[in-house]
Amino acid sequence: MTKDSKAKLLYSAFTEFAKKGFMGATTRDIADRANINISSILYYFGGKRGMYAAALENIVETVKNMSADVFSRYQIVIDSGKPEEARAFLKELVQRFLLLLCGENISKDMKTVFLSEYSKPTEDFNILYDGLIAPVHKMMATLLAQASEGKIDIKDGYLYTFPLFSQMFVFASRKESICSFMEWKDYGEIEKQKLLKYMINQIDFQIDSNK
């Protein structure tokens, strides 16, 4: 058994979990799709739950790698203490996550598993929460506090960031409905910029209404 086998199984698992959810997916279907002996799942992952946990860990790692350039600048912005830098960086952070959720850089199956886990958490939700969701919430709340010159404290900042997160997830998970209402064929560059503009306006309103 090789690392290629493990990667193929994980790729297959994303497809099955995206189609059927954790409860509906079976190790037999995952192994058959990957054309690999089912015993390999036990060897590499310890079973279906271990494979699901590995899938969530892969999501966290993928998003962190794709956003490393942004994350690396966060502390620099905070240390500057400048409200306008915090405002601009918050918008950049939201842009990065919106485009990851609504763009093509992350596979559709990976996004489906992420959104499903977020909306209906399993026992492994802490993998996403501790590894990605909580750190980003903290970053956004801290940036809001700095951008508002302290008019929004960090605790209240968490409340402000939940609707921002929820809006991004709605844009991603309800794509077909939104395109239908807006008479869009798809999320092209123009459409994604409209979604982004809507979220940027919310950020400006939250900050400016508290000054």
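Index from 1, following the sequence.
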For this session: Report the relative orientation of the aromatic rings in Y187 and W184; use parallel for angles under 30°, tilted for 30 to 60°, perpendicular for over 60°.
Result: perpendicular

Seminar exercise, completed: Heavy atoms of A86 and A147 approach each other most closely as CB-N, 3.8 Å

For this session: Could you note down all residue pairs passing salt bridge (charged side-chain N to carboxylate O under 4.0 Å, His left out) where residues 88-100 supplies at least one of them, sequence neighbours left out?
Result: D69-R96, R73-E92, K91-D204

Exercise. Heavy-atom distance under 4.5 Å between the side chains of I30 and I36, does that happen here?
Worked result: no

For this session: Over all heavy atoms of both residues, which pair between M199 and L164 is shortest? Give the atoms and the distance, please.
Result: CE-O, 3.2 Å

Exercise. Should the pair F165 and F97 be assigned to parallel (<30°), tilted (30 to 60°) or perpendicular (>60°) ring geometry?
Worked result: tilted

Seminar exercise, completed: CG of L159 to CG of L144, rounded to nearest 0.5 Å, is 11.0 Å

For this session: Decide side-chain contact (heavy atoms from CB on, under 4.5 Å) for E117 and F22; before the verdict, give the C-alpha distance in whole Å, the side-chain angles of both, and the deciding distance to 0.1 Å.
Result: CA-CA 9 Å; E117 181 63 27; F22 173 75; over 6 Å; no

Exercise. Are side-chain heavy atoms of Y158 and K138 found at a separation under 4.5 Å?
Worked result: yes

Problem set entry | Heavy-atom side-chain contact between D186 and E191 under 4.5 Å | no

Exercise. Which heavy atom of I59 sits nearest a heavy atom of M110, and at what distance?
Worked result: CG1-CG, 3.5 Å

Seminar exercise, completed: Contacts satisfying salt bridge (charged side-chain N to carboxylate O under 4.0 Å, His left out) that involve residues 41-61 (not counting sequence neighbours) are R49-D124

Exercise. Is there a side-chain contact between V77 and L143 (heavy atoms, below 4.5 Å)?
Worked result: yes

Exercise. Are L99 and L101 connected in the hydrophobic side-chain network, where two residues link if heavy atoms are under 4.5 Å apart?
Worked result: no

Problem set entry | Derivation of the side-chain contact (heavy atoms from CB on, under 4.5 Å) call for L93 and M140 | CA-CA 8 Å; L93 191 63; M140 292 174 67; 3.6 Å; yes

For this session: State the CG-OG1 distance between D156 and T161, to the nearest 0.5 angstrom.
Result: 11.0 Å

For this session: Using the side-chain contact (heavy atoms from CB on, under 4.5 Å) rule, take I78 and Q75 through it: C-alpha gap first, then chi angles, then the decisive distance, then the call.
Result: CA-CA 5 Å; I78 294 301; Q75 196 59 49; 4.0 Å; yes

Problem set entry | Closest approach of L98 to M168 (non-hydrogen atoms, all atoms of both residues) | N-SD, 3.6 Å

For this session: Say whether V170 and F205 are linked into one hydrophobic cluster, either directly or through other cluster members, by side-chain heavy-atom distances under 4.5 angstrom.
Result: no

Exercise. Side chains of S107 and D109: do they bring a donor and an acceptor to under 3.5 Å?
Worked result: no

Exercise. In terms of hydrophobic clusters joined by side-chain contacts under 4.5 Å, are I127 and V63 together?
Worked result: yes

Exercise. Distance-only, no hydrogens or angles: does the E16 side chain make a donor-acceptor pair with backbone N or O of T26 under 3.5 Å?
Worked result: no

Seminar exercise, completed: In this structure, CZ of F171 is separated from CG of L196 (nearest 0.5 Å) by 9.5 Å

Seminar exercise, completed: Between the CD1 atom in I207 and the CZ atom in R87, the distance rounded to the nearest 0.5 Å is 4.5 Å

Problem set entry | More than 12 heavy atoms of other groups within 6.0 Å of Y118 OH | yes

Exercise. F162 and H137: side-chain contact (heavy atoms from CB on, under 4.5 Å), yes or no, with the steps?
Worked result: CA-CA 8 Å; F162 276 107; H137 266 297; 3.7 Å; yes

For this session: State whether the number of non-hydrogen atoms from other residues, nucleotides or ligands found under 6.0 Å of Y198 atom OH is greater than 12.
Result: no

Exercise. Quick one: do Y43 and Y11 end up in the same hydrophobic cluster if we chain Ile, Leu, Val, Met, Phe, Trp and Tyr together by side-chain heavy atoms under 4.5 Å apart?
Worked result: no

Exercise. Looking at side-chain heavy atoms only, is the closest gap between Y74 and V70 below 4.5 Å?
Worked result: no

Exercise. Is there a donor-acceptor contact under 3.5 Å from the side chain of S116 to the main chain of V113?
Worked result: no

Exercise. Can any side-chain N or O of S67 pair as donor or acceptor with the backbone N or O of K64 at less than 3.5 Å?
Worked result: no

For this session: Mind listing the closest non-hydrogen atom pair of Q206 and I152 along with its distance?
Result: O-CD1, 3.6 Å

For this session: Give the intermediate values and the outcome of ring pair (Phe, Tyr, Trp, His ring centres under 6.0 Å) for residues Y52 and F45.
Result: CA-CA 9 Å; Y52 187 71; F45 303 102; over 10 Å; no

Problem set entry | Distance-minimising heavy-atom pair for S72 and I76 | O-CD1, 4.2 Å

Exercise. Roughly how far, to the nearest 0.5 Å, is NZ of K8 from CZ of R33?
Worked result: 14.5 Å

Exercise. Are side-chain heavy atoms of S5 and Y44 found at a separation under 4.5 Å?
Worked result: yes

For this session: Decide whether I41 and M23 are clustered together by the hydrophobic rule: side chain heavy atoms of Ile, Leu, Val, Met, Phe, Trp, Tyr closer than 4.5 Å, transitively.
Result: yes

For this session: Hey, could you give me the CD1/CG distance between I203 and D208, rounded to the nearest 0.5 Å?
Result: 11.5 Å

Exercise. Going by heavy atoms in the side chains, are M66 and I106 under 4.5 Å from each other?
Worked result: yes

Problem set entry | Neighbour count above 12 (heavy atom, 6.0 Å) for K82 NZ | no

Problem set entry | Any side-chain donor near an acceptor of the partner, S40 and N37, under 3.5 Å | no

Exercise. Short question: side chain of T112, backbone of K108 - any donor-acceptor pair under 3.5 Å?
Worked result: yes

